[in-house]
Amino acid sequence: VVLVALEKGTHTFNLIVTDPYGVESNDDVSVTIQEEPNQVPTADAGEDQVETLEHDGVPGGTYLITLDANESSDPDSLDALSFAWCQENDEMGCDPLSDSVAVVLVDLEAGTHTFELNVTDPYGANHSDDVMVTIIPEINSAPVIADLDTVGYTLPHDGVPGGCMD
């Protein structure tokens with residue numbers, strides 16, 4: 001018995017047998033090694049989120065959100081997944097946030113933000129999913145002015161024309 005490490009592909013071997021009288025016979029044997037089957041993982045960036053900035057008396061601010069890829073999966077249960085998050089930008093690109101981390105915390109200003117999750121298995125198969133996060137500016141009510149329709153006031157007579165109110 002001979003053990004041979006083979007890579008994927010077709011390999012041909014010639015087998016020669018000899019009996020005790022020195023008579024030989026040979027035959028070719030072809031062995032085909034096929035690539036290991038692999039299924040594509042499924043990325044799950046979570047549900048879209050809508051949050052509102054807290055009214056704190058200071059205009060603007062940020063809201064800390066959580067991006068969670070833990071619902072991503074691979075039908076090949078033994079495959080360890082790697083994760084790459086990025087934030088899509090106006091230039092049709094994607095700014096990386098973090099690699100190989102399923103959960104990412106991001107501090108966001110008011111506006112609509114789109115994040116892409118790319119999940120890759122050890123065989124290089126990958127899948128991506130997007131999540132949209134909308135941060136609503138803090139809610140602010142207009143100040144209320146007291147009702148000042150018409151105010152009448154008469155200056156007291158002090159013998160001097162004109163005057164003022166103290």
Side-chain angles (χ1 to χ4, degrees), residues 1-140:
V1 174
V2 176
L3 296 177
V4 179
L6 299 175
E7 293 187 20
K8 106 178 153 170
T10 301
H11 308 274
T12 303
F13 298 92
N14 183 263
L15 177 63
I16 302 171
V17 291
T18 306
D19 70 12
Y21 299 97
V23 178
E24 292 183 355
S25 181
N26 69 47
D27 193 12
D28 287 340
V29 171
S30 291
V31 177
T32 301
I33 305 296
Q34 296 178 348
E35 188 170 320
E36 184 176 351
N38 182 51
Q39 297 183 52
V40 175
T42 300
D44 186 344
E47 297 295 320
D48 290 347
Q49 300 179 41
V50 177
E51 304 293 348
T52 302
L53 288 173
E54 180 182 340
H55 184 78
D56 59 3
V58 179
T62 60
Y63 194 97
L64 185 65
I65 58 110
T66 302
L67 300 174
D68 189 343
N70 280 317
E71 293 300 315
S72 299
S73 62
D74 193 313
D76 302 311
S77 61
L78 297 177
D79 289 356
L81 299 176
S82 64
F83 306 92
W85 285 100
C86 67
Q87 183 172 2
E88 294 180 5
N89 60 41
D90 293 337
E91 289 79 38
M92 303 300 287
C94 209
D95 301 322
L97 295 180
S98 180
D99 286 337
S100 298
V101 178
V103 178
V104 176
L105 299 176
V106 184
D107 222 5
L108 298 174
E109 294 180 347
T112 300
H113 310 271
T114 303
F115 296 90
E116 180 181 297
L117 168 65
N118 193 339
V119 176
T120 305
D121 73 10
Y123 298 87
N126 62 61
H127 183 252
S128 63
D129 187 31
D130 289 348
V131 62
M132 187 179 308
V133 179
T134 302
I135 305 298
I136 299 170
E138 59 190 283
I139 298 170
N140 184 43

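Counting begins at 1 with the first residue of the sequence.
Put simply, the side chain of Tyr123 does not reach to within 4.5 Å of the side chain of Asp76, judged on heavy atoms. Side-chain contact between Leu108 and Thr62 is absent, with no heavy atoms from C-beta onward closer than 4.5 Å. Between Asp79 and Asn38 the shortest side-chain heavy-atom distance falls below 4.5 Å. Looking only at side-chain heavy atoms (C-beta outward), His113 and Val106 stay at 4.5 Å or farther from each other.
Side chain of His55 to backbone of Asn140: no donor-acceptor contact under 3.5 angstrom is found. When atom types are taken as modelled, the side chain of Glu54 and the backbone of Gly61 share no donor-acceptor pair closer than 3.5 angstrom. Counting only distance, with no hydrogens or angles, the side chain of Asp129 and the backbone of Leu117 share no donor-acceptor pair below 3.5 Å. A side-chain donor-acceptor contact under 3.5 Å links Ser72 to the backbone of Asp44. Judged purely by atom type and a 3.5 angstrom limit, Asp74 has no side-chain atom pairing as donor or acceptor with the backbone of Ser77. Under the 3.5 Å distance criterion, the side-chain polar atoms of Asp27 are left unmatched by any main-chain donor or acceptor of Leu15. Without hydrogens or angle criteria, Glu138 side chain to Gly60 main chain gives a donor-acceptor distance under 3.5 Å. Looking only at distances, a side-chain donor or acceptor of Trp85 sits under 3.5 Å from a matching main-chain atom of Ala102.
The two residues Val101 and Phe83 have their closest heavy-atom pair at O-CB, 3.4 Å. Considering every non-hydrogen atom in both Pro41 and Pro75, the closest pair reads CA-CD, 4.3 Å. Contact detail for Glu109 and Ile135: the closest heavy-atom pair is O-CB, 3.5 Å.
Taking CG from Asn14 and OG1 from Thr12, the interatomic distance works out to 10.0 Å, rounded to the nearest 0.5 Å. Between the CD atom of Glu116 and the CG atom of Leu67 there is a distance of 12.5 Å, given to the nearest 0.5 Å. Rounded to the nearest 0.5 Å, atoms NE2 (His127) and CG (Asn118) are 9.5 Å apart. With rounding to the nearest 0.5 angstrom, the OH atom of Tyr63 is 13.0 Å from the OG1 atom of Thr134. Interatomic distance, CD of Gln49 versus CD1 of Ile65, reported as 5.0 Å (0.5 Å rounding). Of the inter-residue distances, the one linking Asn126 atom CG with Thr42 atom OG1 reads 11.5 Å to the nearest 0.5 angstrom.
Within a 6.0 Å sphere centred on CG of Leu64, other residues, nucleotides and ligands contribute more than 12 heavy atoms. Remark: Glu51 CD is packed, more than 12 non-hydrogen atoms of other residues, nucleotides or ligands lying under 6.0 Å away.
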Next item on the list: Check step by step if side-chain contact (heavy atoms from CB on, under 4.5 Å) holds for Met132 and Thr112.
Entry: CA-CA 7 Å; Met132 187 179 308; Thr112 300; 3.5 Å; yes

